[in-house]
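Down below is the structure, laid out as structure tokens.
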Amino acid sequence: MSSEEEEYEYFKSAREYLDYFFSDLTGAKCPDEGEWMPWSMAQFHRTFSQLEGTGFGRRLLDIGSGPTVYQLVSASRVFPEIICSDFHKGALAEIKKWMDGNTHAFDWSPFVKHVTGLEATSTSWECRQDQLRSAIKDTVLCDVFKPNPLHPAVFEPFNAIMTAYCLESACYDKGRHAYAQAIRNISSLLKPGGHLILQTYIGVTYWVDKEGIKTQDSLCLDTDFVLTSLSEAGFTDLETSEYKTPQREKCHYSDIKGMLHVTGRKI
Ligand SMILES: C[S@@+](CC[C@H](N)C(=O)[O-])C[C@H]1O[C@@H](n2cnc3c(N)ncnc32)[C@H](O)[C@@H]1O
């Protein structure tokens, strides 16, 4: 397959990913994960509310944004300059479509409304959506396995980095050593004292693909390993919160055990 065809395939699957995982905030379509989405947004809301007014700076990098912006709604209230990044152009193209107000772009308004409700200020969800749009300054290609993951682009170190459900996916066939190295690589883009906000799947040994075949397209992680990797990469003040997926007799498409939210600071 040529790289153009690959991009087209990913473009299609980026849209499928959005339609499958993000068309229902309650998680009804994804019974293995349960109501992780409101949990995820509540974690981002709490973390970014705590950062507000602490003089941490203006610039945030999102690593492995995929085609999504739900993870950035809370961040955009406190970071007016956000760079989205991903390995795949097709994923970033979905974000660009949304930034440009393209009528075929995915509709993120239920997510913006949800977060606006958590914030409970007098700001309307439409204003928050505009704030999110204007905060995203660029979309940049990224490979977490490069020493400078944004190469060939060069940026001043960021005040904060977030990454949601990316590293375990990037490392699905590379093992834990590669995961630890990817953390060190992305840490090089953060200022000393800067904040890291990470969300990850825990305990996934398989996903079922479109043909119904079990595949291992995520590195199986546990909380201790994630925290050890962060600590060995020079992160301190690590704080966690965990979401456990519903008890179920039969897994529908994944044996995912939970999600982990971690915050820390680079020494
Ligand atoms: C499961 S998606 C997560 C997307 C989004 N952050 C979210 O919360 O839904 C994982 C993303 O990691 C990206 N990715 C995979 N390998 C990567 C790499 N080596 N460097 C950067 N991103 C990568 C994929 O292209 C994909 O968009």
Side-chain angles (χ1 to χ4, degrees), residues 3 6-25 27 29-30 32-33 36-44 60-75 82-96 98 106 108 111 115 136 139-153 161-175 177-189 196-202 204 207 209 215-221 243 253-254 256 259-262:
S3 63
E6 266 175 37
E7 276 312 325
Y8 179 66
E9 279 303 310
Y10 189 78
F11 187 78
K12 278 200 311 190
S13 66
R15 189 56 196 228
E16 276 171 16
Y17 175 78
L18 290 175
D19 290 338
Y20 190 77
F21 286 101
F22 297 96
S23 60
D24 179 1
L25 231 158
K29 275 179 101 174
C30 308
D32 288 318
E33 299 182 356
W36 74 281
M37 183 51 73
W39 170 84
S40 168
M41 288 192 287
Q43 304 315 304
F44 289 133
L60 175 137
L61 170 67
D62 183 27
I63 296 265
S65 307
T68 69
V69 297
Y70 76 93
Q71 72 277 23
L72 300 171
V73 185
S74 294
I82 295 176
I83 303 292
C84 292
S85 70
D86 200 273
F87 191 66
H88 284 282
K89 273 191 220 152
L92 298 175
E94 277 295 330
I95 296 184
K96 276 195 209 139
W98 180 80
F106 191 77
W108 290 106
F111 297 81
V115 175
I136 301 175
T139 59
V140 181
L141 285 173
C142 166
D143 181 356
V144 296
F145 299 119
K146 291 184 178 164
N148 165 16
L150 302 181
H151 177 82
I161 289 183
M162 62 185 290
T163 183
Y165 311 106
C166 166
L167 298 182
E168 65 275 35
S169 163
C171 295
Y172 79 101
D173 60 348
K174 293 189 168 59
H177 181 73
Y179 183 91
Q181 184 58 49
I183 287 186
R184 286 195 288 273
N185 293 343
I186 66 175
S187 168
S188 70
L189 298 167
L196 178 75
I197 302 107
L198 176 147
Q199 281 189 12
T200 184
Y201 299 124
I202 292 296
V204 181
W207 297 97
D209 70 14
T215 60
Q216 196 195 340
D217 69 354
S218 184
L219 181 65
C220 184
L221 297 173
Y243 168 85
Y253 67 92
S254 160
I256 183 166
M259 281 78 165
L260 175 70
H261 176 87
V262 191

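Ligands are counted one by one from 1 in listed order, and the atoms in each one are counted from 1 as well. Owing to the predicted nature of the structure, the values given are computational and were not obtained by experimental measurement. The residues of the chain are indexed from 1 along the displayed sequence.
Among the atoms of Ala91, none of the N or O lies under 3.5 angstrom from an N or O of ligand 1. When only interatomic distances are considered, the shortest N/O to N/O separation between Pro67 and ligand 1 does not fall below 3.5 Å. Not one N or O of Ala170 is nearer than 3.5 Å to an N or O of ligand 1, by distance alone.
Taking the six-membered ring where the residue is Trp, Trp207 and Phe21 present perpendicular rings, their angle passing 60° and hence far from 30°. Trp36 and Phe22 have perpendicular rings, their planes meeting at more than 60° on a 0 to 90° scale where under 30° would count as parallel. Taking the six-membered ring where the residue is Trp, Tyr201 and Tyr165 present tilted rings, their angle falling between 30° and 60°.
Of all the heavy atoms of Asp143, the ones lying under 4.0 Å from any atom of ligand 1 are found in both the backbone and the side chain. With a 4.0 Å heavy-atom cut-off, ligand 1 is reached by no atom of Tyr201. Contact annotation: for Phe145 versus ligand 1, heavy atoms closer than 4.0 Å belong to the side chain alone. With a 4.0 Å cut-off on non-hydrogen atoms, Ser65 touches ligand 1 through its backbone and not its side chain.
There is a side-chain donor-acceptor pair under 3.5 Å between Thr200 and Glu168. Residues Tyr253 and Glu33 have side chains that bring a donor and an acceptor to within less than 3.5 angstrom of each other. Side-chain atoms of Gln71 and Ser40 form no donor-acceptor pair, as typed in the model, at a separation below 3.5 Å.
With ligand atoms numbered from 1 in the order given, ligand 1 contributes 3 (C), 5 (C), 6 (N), 7 (C), 8 (O) to contacts under 4.0 Å with heavy atoms of Ala164. Residue Tyr165 has at least one heavy-atom neighbour below 4.0 Å for each of these atoms of ligand 1: 1 (C), 2 (S), 3 (C), 8 (O), 10 (C). Close approach to Phe22 involves these atoms of ligand 1, each under 4.0 Å from a residue heavy atom: 9 (O). Each of the following atoms of ligand 1 lies closer than 4.0 Å to a heavy atom of Tyr17: 1 (C), 2 (S), 3 (C), 4 (C), 7 (C), 9 (O). Heavy-atom contacts of Phe87 reach the following atoms of ligand 1: 14 (N), 17 (C), 18 (C), 19 (N), 20 (N), 21 (C), 22 (N), 23 (C) (cutoff under 4.0 Å). Taking every non-hydrogen atom of Tyr70 and a distance limit under 4.0 Å, the qualifying atoms of ligand 1 come out as 7 (C), 8 (O), 9 (O).
Here the rule is side chain to side chain contact (heavy atoms under 4.5 Å, CB included) with Ser85, and of Leu150, Thr139, Leu92, Asp62 only Leu150 fits it.
Under a cut-off of 6.0 angstrom, the local environment of OH in Tyr172 is sparse, with at most 12 non-hydrogen atoms contributed by other residues, nucleotides or ligands.
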Applying ring pair (Phe, Tyr, Trp, His ring centres under 6.0 Å), run through Phe44 and His261 and close with a yes or a no. CA-CA 9 Å; Phe44 289 133; His261 176 87; 5.7 Å; yes

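Nearest-heavy-atom check against atom 27 (O) of ligand 1 across Ile186, Asp86, Val69 picks out Asp86.
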